[in-house]
Amino acid sequence: MITVNMVPADVLINKVADYIKNNVREVKPPEWSYFAKTASFKERLPDDVENWWYIRTASLMRKLYLNGPFGLSKAQVIYGGLKRRGTRPPRTVRAPTHSARLILQQLEKAGLVVKTKEGRALSPRGKSLLDKLAYEIFIDLADKNPSLKKYLE
């Protein structure tokens, strides 16, 4: 069986983001997302202002698939980074949770994520969506590289 682990992350995230943008009505970026930075340690807005919400949604779904259930504090660590502080050495800081919380709430409404005792986890519907899209990507990769066809049998 082809899983998320077997396809490149960037290709999967872009495909899931396109799928969510076109097919999942519950996931919509709020008005402020077009003008806000993704974290305090970022210097600029995201390069793809129109789609960054969907890309972050797809990335969170992939992380939930790979790392199991987790909460917002783990999401802070995942999307955290270095804060430049002028002449002082940089520090690792956590990302804000507002966008991650809203995305997870929207995914819950869509039925792709469920709450558990350990945090939020992908629902069976969310896992099957990621597996289905990973399979489609793997077929495209297998067409370009015939040595991968042995995994499809």
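- Of the inter-residue distances, the one linking Leu12 atom CG with Leu130 atom CG reads 6.0 Å to the nearest 0.5 angstrom.
- In the hydrophobic clustering of this structure, Ile20 does not group with Tyr34; members are Ile, Leu, Val, Met, Phe, Trp, Tyr whose side-chain heavy atoms approach within less than 4.5 Å, directly or through other members.
- Contact between Lys37 and Arg44 at its shortest, heavy atoms only, is CG-O, 3.9 Å.
- Within the 4.5 Å cutoff, the side chain of Ile137 has no heavy atoms near those of the Ile2 side chain.
- Closest approach of Ala36 to Pro46, counting heavy atoms only: O-CD, 3.9 Å.
- Hydrophobic clustering (ILVMFWY, side-chain heavy atoms < 4.5 Å, transitive): Met1 and Tyr135 are in distinct clusters.
- Distance CG/Leu148 to CG/Asp140: 11.5 Å, rounded to 0.5 Å.
- Both Val4 and Ile78 are members of a single hydrophobic cluster when ILVMFWY side chains are connected at heavy-atom separations under 4.5 Å.
- The distance from the NZ atom of Lys74 to the CD atom of Glu118 is 12.5 Å, given to the nearest 0.5 Å.
- In plain terms, the two heavy atoms of Phe41 and Ala95 that are nearest each other are CE2-CA, 4.3 Å.
- In this structure, the side chain of Trp52 engages the main chain of Ser33 through a donor-acceptor pair within 3.5 Å.
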Show me the side-chain donor-acceptor pairs of residues 54-65 shorter than 3.5 Å, one per line, residues at least two apart or across chains.
residue: Thr57; atom: OG1; partner: Trp53; partner atom: O; Å: 2.7
residue: Ser59; atom: OG; partner: Tyr79; partner atom: OH; Å: 2.7
residue: Tyr65; atom: OH; partner: Asp131; partner atom: OD1; Å: 2.7

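- No continuous path of ILVMFWY side-chain contacts below 4.5 Å connects Val77 to Phe70, so the two sit in separate hydrophobic clusters.
- Summarising the geometry, atom CD belonging to Glu26 is positioned 13.5 Å from atom CD belonging to Gln105; distances are rounded to the nearest 0.5 Å.
- Counting heavy atoms of neighbouring residues, nucleotides and ligands inside a 6.0 Å radius, atom CZ of Arg91 does not exceed 12 of them.
- In terms of heavy-atom proximity, Glu43 sits nearest to Arg84 at OE2-NH1, 2.8 Å.
- Within the 4.5 Å cutoff, the side chain of Asp143 has heavy atoms near those of the Lys149 side chain.
- Listed by first and then second residue, the side chain to side chain donor-acceptor pair (under 3.5 Å) pairs that reach into residues 1-20 are Lys15-Glu136, sequence neighbours excluded.
- Pairs engaging residues 120-130 under the side chain to side chain donor-acceptor pair (under 3.5 Å) rule: Glu108-Arg120 [sequence neighbours left out].
- Using a 4.5 Å cut-off on side-chain heavy atoms (C-beta onward), Val27 and Ile103 make no contact.
- Cluster annotation: Ile13 and Leu129 are assigned to distinct hydrophobic clusters (Ile/Leu/Val/Met/Phe/Trp/Tyr, side-chain heavy-atom contacts under 4.5 Å, transitive).
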